[in-house]
Amino acid sequence: MQLSPRNNAVIVNGNTVNGKTADIAITERGSDFYFAICAAMTVSGFCFIALAYRKQRRDRLFHYLTAAVVFVAAIAYFTMGSNLGFTPIHVEYSRSNPKVSGSYRSIYYVRYIDWFITTPLLLLDLLLTAGMPWPTLLWVIIVDWIMIITGLIGALVDSRYKWAYFAFGCFALVYIVYQLVWESRIHARAYGRDVERVFTMCGSLTTVLWILYPVAWGLSEGGNVIAPDSEAVFYGVLDFLAKPIFGALLIWGHRNIEPARLGLAIKDYDGDASVHEKQRPHNGTTNADATGNIPQASSAV
Ligand code: RET
């Protein structure tokens, strides 16, 4: 008798997509691992939201950004655990190692959709901590998108031209790393020792981890050196450190830093009766809106 229910995802959702079958694909163990990371992302998301509710609404920016990152990742990991969100791509290098021998490898495009949404949010976390001006934020995010999209194109191309896209992505990463270790770090210093400390801690973690992503890519989607199960572990560990662990450190680092100090002066309407319903409007007939103004229609009645 089997005690634990089997994970049937790789059987239910097979390896055939658009008429092609991936013969280099994840096994049940790879699927289990993806589901485990999915669970970790989900739990950490709820923790970040719970921590957000301990703060005033206007001080929750970093909690919400970080929670969004892990919730999006949780959905991507659910997809990969279910053996979905991939397409079989002909490998450039056929290997004799039985774990990677074959012609078509599962390429998980859902990973890139996840990164397209979450990496800009992670960069926002960091660059807002450093108090960088918004044109720089925008520019770094555009460069980040170029990095992710070129990585996706490279992964989907089956000829050696894939490495050209990989090189474009690496150039983009060099610029992002320069921003983090140089310009933003110097900028963060101007806001005081505590801001500099949290930026240095999270920025260094990000720099080291992000440099390892192209290594994982070169060994899996690019070079077909490691099996899809090992790819799951490599990217899974990186994502776990780059999202929930990074997020926890960032939120902890911000515990005594008022966002207003970083130039993030966010308005809220604490004293407004119609928002909090702590007190009744003066004559009991008018309805003030969130700005405290009385709408024309209701005052005319
Ligand atoms: C690719 C391949 C192309 C070259 C480079 C890459 C870098 C990817 C990075 C991804 C980071 C993802 C994170 C996800 C977690 O939220 C696209 C693999 C340089 C740095 C942090």
Side-chain angles (χ1 to χ4, degrees), residues 33 37 40-41 65-66 69-70 72-73 76-77 80 107-109 111-130 132 136-137 139-155 157 162-189 196-228 230-250 253:
F33 187 81
I37 298 285
M41 295 283 181
L65 282 176
T66 316
V69 166
V70 291
V72 170
Y77 271 88
M80 294 188 281
I107 298 294
Y108 286 91
Y109 58 81
R111 211 187 277 298
Y112 299 85
I113 300 177
D114 164 0
W115 294 348
F116 190 82
I117 300 171
T118 58
T119 51
L121 301 180
L122 292 169
L123 288 171
L124 271 182
D125 265 342
L126 279 171
L127 299 185
L128 289 175
T129 299
M132 294 300 276
T136 309
L137 271 138
W139 177 234
V140 175
I141 288 174
I142 292 170
V143 173
D144 173 67
W145 275 335
I146 293 173
M147 176 183 80
I148 302 298
I149 296 298
T150 52
L152 172 63
I153 299 172
V157 163
K162 64 162 72 234
W163 297 102
Y165 293 95
F166 178 71
F168 298 144
C170 289
F171 278 127
L173 179 62
V174 168
Y175 178 74
I176 294 171
V177 166
Y178 157 77
Q179 267 298 333
L180 295 181
V181 302
W182 192 249
E183 282 201 28
S184 304
R185 191 179 49 85
I186 292 171
H187 210 264
R189 194 182 288 166
E196 187 189 1
R197 201 175 315 122
V198 53
F199 180 81
T200 308
M201 180 172 64
C202 296
S204 321
L205 177 69
T206 298
T207 304
V208 172
L209 293 173
W210 284 38
I211 289 173
L212 291 172
Y213 279 88
V215 176
W217 192 98
L219 294 174
S220 37
E221 290 108 318
N224 187 35
V225 176
I226 60 172
S230 314
E231 171 190 335
V233 175
F234 200 155
Y235 279 131
V237 169
L238 287 181
D239 279 354
F240 180 72
L241 295 172
K243 290 169 166 165
I245 299 296
F246 165 90
L249 284 176
L250 187 97

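Residue numbers run from 1 in the order of the sequence given.
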Looking only at heavy atoms, which two atoms of [X] and [Y] are closest? And how far apart?
X    : Y    : value
L127 : S184 : CD2-OG, 3.2 Å
G151 : W217 : O-NE1, 3.3 Å
G154 : K162 : O-CB, 3.1 Å
A172 : M147 : CB-CB, 3.7 Å

N/O donor-acceptor pair under 3.5 Å between S230 side chain and I226 backbone
no
Can you tell if the side chain of [X] reaches within under 4.5 Å of the side chain of [Y], non-hydrogen atoms only?
X    : Y    : value
F234 : D239 : no
L173 : P214 : yes
E231 : R111 : yes
I149 : F116 : yes
D125 : C202 : no
V69  : I117 : no
F171 : I146 : no

If you measure from the Lys or Arg side-chain nitrogens to the Asp or Glu carboxylate oxygens, is any gap between K243 and D114 under 4.0 Å?
->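 Yes, K243 and D114 are salt-bridged.
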Of L209, V215, T207, the one forming a side chain to side chain contact (heavy atoms under 4.5 Å, CB included) with I211 is T207
Once you round to the nearest 0.5 Å, how far does [atom1] of [X] lie from [atom2] of [Y]?
X    : Y    : atom1 : atom2 : value
L122 : L65  : CG    : CG    : 9.0 Å
L180 : T206 : CG    : OG1   : 6.5 Å
T66  : L121 : OG1   : CG    : 8.5 Å
M80  : Y109 : CE    : OH    : 11.5 Å
M132 : L137 : CE    : CG    : 7.5 Å
M41  : F240 : CE    : CZ    : 7.5 Å

* Angle class for the W139/Y175 ring planes (parallel below 30°, perpendicular above 60°, tilted otherwise)? -> perpendicular
For this session: Step through the shown structure and confirm whether more than 12 heavy atoms of other residues, nucleotides or ligands are within 6.0 Å of OH on Y165.
Result: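 Count not over threshold, so no.
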Who pairs with Y235 by ring pair (Phe, Tyr, Trp, His ring centres under 6.0 Å), at least two apart in sequence or on another chain?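 Once residues adjacent in sequence are excluded, the partners of Y235 under the ring pair (Phe, Tyr, Trp, His ring centres under 6.0 Å) criterion are W115.
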(message) Applying side chain to side chain donor-acceptor pair (under 3.5 Å) as the test, list every pair that has at least one member in residues 140-151; sequence neighbours left out.
(response)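 Applying side chain to side chain donor-acceptor pair (under 3.5 Å) to every pair that reaches into residues 140-151, excluding sequence neighbours, yields T119-D144.
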List the steps and the verdict of side-chain contact (heavy atoms from CB on, under 4.5 Å) for W210 and L205. CA-CA 8 Å; W210 284 38; L205 177 69; over 6 Å; no
